Amino acid sequence: MSKKEYTVGFEIIGTGKAVPPKRVTNDELAKTLDTNDEWIRSHTGIGARHIADDHIACSDLAVEAARNALSWAIERQACAEKTIEELALTVDMVIVGSSTTDYFCCPATACIVQNAIGAKNAGAMDVVNACSSFIYGLETGAGLLSVSNDRRRALVIGAEVLSRFVDWTDRGTCVLFGDGAGAVLLEKTNSPRGISRTILGADGSGAGDLIMKQGGSRYPFKKGDTVVTPPHMEMNGRAVYNFAVGAVTETITTLLKAENLAIEDVALIVPHQANARIVQAAAKRLNVPEGRFFLNIEEYANTSSASIPIALDELNRSGALRTGDLILCVAFGAGLTYGGSLIRW
Ligand code: UT7
């Protein structure tokens, strides 16, 4: 659907983030792992990651990020409500994108968040689609608002506690990930601002390239099993890397072409923060200066579904996004999946 055919817009009226206070540098990891700061930085751009203490679960970070998003909307007078509690009552959908949800099968983490923030009038659901979950969640939120006159606001959150699902003896994966959450409050408006187009895609033939095998119906835990290594992600890094560079490049090209835009029309590209080298390679292919891509991976590492909403919140609060700016968010991840959204700020 082109922008001109929209009768309503889906505007982001609040952003928030939450990261655990514990910050672990590459040098600290190198004390117990055969790795070093130079390798991690030169291969990924990562300098540190935030790691949740044992008592912090996915929903705890999601709730904090959600409250911060509501509070931003109130502070900026983007809504008539004056308190977080009042505003939470106007939320019609709570959507949590995550692959490290509080509970294995049920309930949805979104239900825990819905209760904690007092969004009593909202439906709640999870979008479990790895690093693409936030973009899939954003489109799900906009879609659910668009199909019903009774829905006006959706809280879309990306939240992860990845540190709990990596093999801390596997240097090829554990150094890459971090914990955190980001949230946006989406409102259906008549404004030309907001999401103008989203594309979503998948290539399930790469499902095995980034996978957490144990615990599902394919490899269920059985009575008497001994846990040798807790459930953790396994990755064919090179395959995911190659997929990611192509996905970022093609998603950006497709979105721009569909909207009849040039790359110069986009103020900033906000990519999923998985590896700075993926961004550099995509920038080269697109012939775009690297500086047009926002990167904060040095501080947070790869927070999967949380990386784009954390980036949006940092940009929003720093004043880097001006009203009317066109930004392009692009994600990719396990599945393999990808997606991108063009957003008029
Ligand atoms: O959110 C989406 C999910 N993930 C991604 O997007 C990740 C995509 N892939 C990547 O970012 C890169 O493939 C990695 C960063 C994971 C790996 O970088 P690479 O340049 O593809 O390295 P490699 O796996 O080919 O490994 C090269 C060498 C190996 O040593 P040998 O066999 O050449 O002696 C690894 O054992 O680097 C070694 N290595 C390390 N050395 C020090 C792997 N991890 C580390 C480490 N520290 N942490």
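Numbering of ligands and ligand atoms starts at 1, following listing order. This one's a predicted model, so the numbers in the text were calculated from it and none came from an experiment.
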When distances are taken from atom 47 (N) of ligand 1, the protein heavy atom at minimum range is Thr35 OG1, 2.6 Å
Ser163 and Asp179 side chains, donor-acceptor separation under 3.5 Å: yes
At a non-hydrogen distance cut-off of under 4.0 Å, which region of Cys131 contacts ligand 1 (side chain, backbone, both, or neither)? side chain
Going by atom types alone, do Thr25 and Asp27 pair a side-chain donor with an acceptor below 3.5 Å? no
Please write down residue, atom name and distance for the protein heavy atom closest to atom 19 (P) of ligand 1. Arg238 NH2, 3.6 Å
Under 4.0 Å and counting heavy atoms only, is there anything from the protein next to atom 25 (O) of ligand 1? no
When you measure from the heavy atoms of Leu33 to every atom of ligand 1, does any distance fall below 4.0 Å? no
If you compare all heavy atoms of Arg277 against all heavy atoms of His43, which two are closest, and at what distance to 0.1 Å? NH1-O, 2.9 Å
Does Ser304 come within less than 4.0 angstrom of ligand 1, counting non-hydrogen atoms of the residue? no
Protein non-hydrogen atom below 4.0 angstrom of atom 32 (O) of ligand 1 present: no
I need the atoms of ligand 1 closer than 4.0 Å to a non-hydrogen atom of Leu210, numbered in the order shown. 3 (C)
Ile278: numbered ligand 1 atoms lying under 4.0 Å from its heavy atoms: 6 (O)
Ligand-residue contact atoms, ligand 1 with Val175, heavy atoms, under 4.0 Å: 48 (N)
Gap separating the CG atom of Leu29 from the CG atom of Asp37, nearest 0.5 angstrom: 10.0 Å
For the residue pair Ser133 / Ser305, report whether a side-chain donor-acceptor contact shorter than 3.5 Å exists. no
Ignoring hydrogens and geometry beyond distance, is a side-chain donor-acceptor pair present between Asn302 and Gln273 at under 3.5 Å? no
Is atom 21 (O) of ligand 1 close to the protein, meaning a heavy atom under 4.0 Å from it? yes
Here the atoms of ligand 1 under 4.0 Å from any heavy atom belonging to Thr44 are 15 (C)
Atom 10 (C) of ligand 1 - nearest protein heavy atom and its distance: Asn275 ND2, 3.6 Å
I'd like to know whether the aromatic ring centres of His272 and Phe332 sit less than 6.0 Å apart in this structure. yes
Assess, by modelled atom type and distance only, whether the side chains of Ser71 and Glu75 contain a donor and an acceptor separated by less than 3.5 Å. yes
Considering only non-hydrogen protein atoms, determine which one is nearest to atom 40 (C) of ligand 1 and report residue, atom name and distance to 0.1 Å. Trp39 CE2, 3.3 Å
Measure the distance from atom 4 (N) of ligand 1 to every protein heavy atom, then report the residue, atom name and distance (to 0.1 Å) of the closest one. Met235 SD, 3.5 Å
Per-atom contacts, ligand 1 versus His272 - under 4.0 Å to a heavy atom: 1 (O), 2 (C)
Closest protein heavy atom to atom 6 (O) of ligand 1, given as residue, atom name and distance to 0.1 Å: Ala274 CB, 3.5 Å
Using a strict 4.0 Å threshold on nitrogen-to-oxygen distance, state whether Lys22 and Asp53 make a salt bridge. yes
Give me the nearest non-hydrogen protein atom to atom 29 (C) of ligand 1 as residue plus atom name, then the distance to 0.1 Å. Arg171 NH2, 4.5 Å
Looking only at side chains, do Asn316 and Thr15 share a donor and an acceptor under 3.5 Å apart? yes
If you measure from OG on Ser341 to CD1 on Ile308, what distance do you get to the nearest 0.5 Å? 8.0 Å
Are there over 12 heavy-atom neighbours, none belonging to Tyr103, within less than 6.0 Å of that residue's OH? no
Does the protein put a heavy atom less than 4.0 Å from atom 14 (C) of ligand 1? no
Do me a favour and list the nearest non-hydrogen protein atom to atom 9 (N) of ligand 1 with residue, atom name and distance? Gly237 O, 2.9 Å
